[in-house]
Amino acid sequence: MTNDERAYDRGRLGQWLAGTARAEGIERRDLLRLLAAAGVGAATAATVGAAARPAAAATGATATGATAAGIVKPLPADRFVIHGTNAETRWSALRGTGYHTPNDLFFVRNHTVTPALDAATWRLRIWGDGLRGARPAAFSLEDLRALPAVERSVFVECAGNGRSFFDRQQGEPVSGTAWSLGAIGMARWRGVRLAEVLRRAGLSPHAVDIQPRGLDDAFFSGGVNLGRVRRPLPVAKALDDVLLAYEMNGAPLPPDHGHPVRLLVPSWIGISSIKWLGDIEVSATPLYSPWNTDLYRLFGPGHPEEGSAPLSRQTLKSAFELPWEAPLSAGRTQLLTGRSWSGGRGVRSVEISVDGGTAWRPATLHDTPRPGGWVRWSLRWTPRTPGRTELLARATDVDGTTQPERTAHNTQGYLFDAVVRHPVTVA
């Protein structure tokens, strides 16, 4: 996150707490009631997320990994781990798949359930006092396809990716979906720049926030209806690299991934990239949403009492394309493969340890570092000694940041970036 973004977000937090930021769809007293029930104050509202109530639970089919309630595509057990209304990609399934994650292997993060939307009748409504004359505009899918198209290869990653390692690796329990490292996917997205659509809708120079909102069901937390998922963006970001995407890897967006149109906010946490886009409010006054003031912030020891600035950019991570607790044969050369990624300007180097972190060797990179992307890497290793060991992958990005041994704890387990210890057994 840049200094300008931090100033923006902290300003919005102060405006909301002072009662000057406008909130649509939820009353301040309801949020305070949620916070009181959780035993926290208004400044630590992010802890509300721990009480999230999904609209649908996984069915018995999840035992075989065939599917999950609320998700449309098949979820075979050798490719996905199901977490309620969410599905995490198994890293072992990505080996040999190329740079982009195939659509059928892409992880699914749903607050409720995947909606059934008709592309022919779908319309994107753009409205608000941040438009000239405050006159709303509407765009069909064909209208968007008629505008200059842009393609971008970028990843989408949940802010909680890696959350389970706070507990099982650092011994620090956290709340939220227990993702390993599979809540990320890289795709080639095609669509139109949000800046182009806002310009055609009549963006006013007085606009300060834009707030996209999805068409999935309303989300409940602690018995309070928070409304449909929505999260404000500063106009500067909206006019920079944000995309209204209607294709994914050369095909129309699949239902679980935002059909017919989704927002794509490169390098930012996944909640920013609203799926099943229905409307965008353009505001000349500050906006508030539970998803940037109460949720998706860092709370706990080591963080400000009022919480961190709302999360934006992703962190640095690495993963092996290998099953957890994989059995390997002594004396047989293994080609270890994996991927590393950053929310910054890209990954420049990756080091591998095959002995739990005692010694490190450079991996061979197979992609050029770039913002919003990952790099594939490999290393040949011939294990000699039978027994259990841990494989570690440690990435360094273009700015010189290296993955740490530990991630500073936060109560909801966001932005885990420490080196993950991947166990294998040599027989």
Side-chain angles (χ1 to χ4, degrees), residues 1 6 9-10 12-13 16-17 26 30-54 81 83-86 88 107-112 156-184 219-224 226 229-232 265 268-274 288-317 343 404 406-418 420:
M1 178 183 280
R6 288 188 185 279
D9 288 325
R10 285 204 175 279
R12 288 295 175 270
L13 175 62
W16 178 75
L17 292 174
I26 181 169
D30 286 334
L31 285 168
L32 295 178
R33 180 165 61 83
L34 283 174
L35 300 173
V40 296
T44 56
T47 53
V48 173
R53 177 172 62 84
V81 177
H83 304 284
T85 58
N86 309 305
E88 174 177 0
F107 84 103
V108 179
R109 168 66 171 106
N110 282 359
H111 278 77
T112 55
V156 174
E157 181 185 13
C158 180
N161 197 23
R163 176 183 281 126
S164 64
F165 296 107
F166 276 103
D167 189 357
R168 58 176 163 168
Q169 185 164 293
Q170 298 187 177
E172 300 170 321
V174 295
S175 64
T177 299
W179 302 106
S180 291
L181 288 172
I184 182 174
F219 180 66
F220 286 79
S221 180
V224 174
L226 301 185
V229 178
R230 59 201 184 280
R231 194 173 197 262
V265 185
W268 282 35
I269 59 173
I271 186 63
S272 305
S273 296
I274 300 294
Y288 156 80
S289 157
W291 283 269
N292 78 325
T293 300
D294 304 298
L295 309 175
Y296 296 95
R297 306 172 67 84
L298 304 182
F299 291 86
H303 301 290
E305 183 180 353
E306 74 278 10
S308 72
L311 305 181
S312 61
R313 291 195 178 276
Q314 269 294 356
T315 51
L316 187 60
K317 296 187 184 72
R406 292 179 65 89
T407 298
H409 179 258
N410 67 88
T411 57
Q412 292 189 77
Y414 291 133
L415 302 185
F416 188 89
D417 63 350
V420 170

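Considering only residues two or more places apart in sequence or on other chains, R163 meets the side chain to side chain donor-acceptor pair (under 3.5 Å) condition with none of them. Among residues two or more places apart in sequence or in another chain, the salt bridge (charged side-chain N to carboxylate O under 4.0 Å, His left out) test is passed with E88 by none. Every residue meeting the side-chain contact (heavy atoms from CB on, under 4.5 Å) condition with S273, not counting sequence neighbours, appears here in chain and number order: R262, L264, V265. Applying the side-chain contact (heavy atoms from CB on, under 4.5 Å) test to R406 and every residue at least two apart in sequence or in another chain returns Q170, E172. Residues satisfying the side chain to side chain donor-acceptor pair (under 3.5 Å) criterion with N110, sequence neighbours excluded, are T114, K275. Remark: F416 pairs with F165, F166 by the ring-ring contact (aromatic ring centres under 6.0 Å, His included) rule, at least two apart or across chains. Residues that satisfy the side-chain contact (heavy atoms from CB on, under 4.5 Å) test with S164, not counting sequence neighbours, are R168, A178, S180.
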Go through the steps to decide whether L311 and I269 satisfy the test side-chain contact (heavy atoms from CB on, under 4.5 Å), and finish with yes or no.
CA-CA 7 Å; L311 305 181; I269 59 173; 3.6 Å; yes
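One distance of note links CG of L415 with CD of Q314; it measures 5.5 Å at 0.5 Å rounding. In this structure, L295 CG and L226 CG are separated by 7.0 Å, a value rounded to the nearest 0.5 Å. Between R297 atom CZ and T411 atom OG1 the span is 11.5 Å, to the nearest 0.5 Å. Distance check: F107 CZ to I184 CD1 gives 7.5 Å after rounding to the nearest 0.5 Å.
Closest heavy-atom contact between V174 and Q412: CB-C, 4.1 Å. The two residues V156 and G270 have their closest heavy-atom pair at CG1-CA, 4.2 Å. For Y296 against R109, the heavy-atom pair with the smallest separation is OH-NH2, 3.5 Å. Among all heavy-atom pairs drawn from G182 and N161, the shortest one is N-OD1, 3.4 Å. For P404 against D417, the heavy-atom pair with the smallest separation is CD-O, 3.4 Å.
Donor-acceptor pairing under 3.5 Å is lacking for the side chains of S289 and R231.
For R313 (side chain) and G343 (main-chain N/O), a donor-acceptor pair under 3.5 Å exists by modelled atom type. Between the side chain of T112 and the backbone N or O of F219, no donor-acceptor pair lies under 3.5 Å. When atom types are taken as modelled, the side chain of D167 and the backbone of G171 share no donor-acceptor pair closer than 3.5 angstrom. Formation of a donor-acceptor pair under 3.5 Å by the N410 side chain with backbone atoms of G300 is not found in this model.
Salt-bridge check for K317 with E157: passed, with a basic side-chain N closer than 4.0 Å to an acidic carboxylate O.
Between W291 and H111, the angle of the ring planes goes over 60°, which puts this pair in the perpendicular group of the 30/60° scheme.
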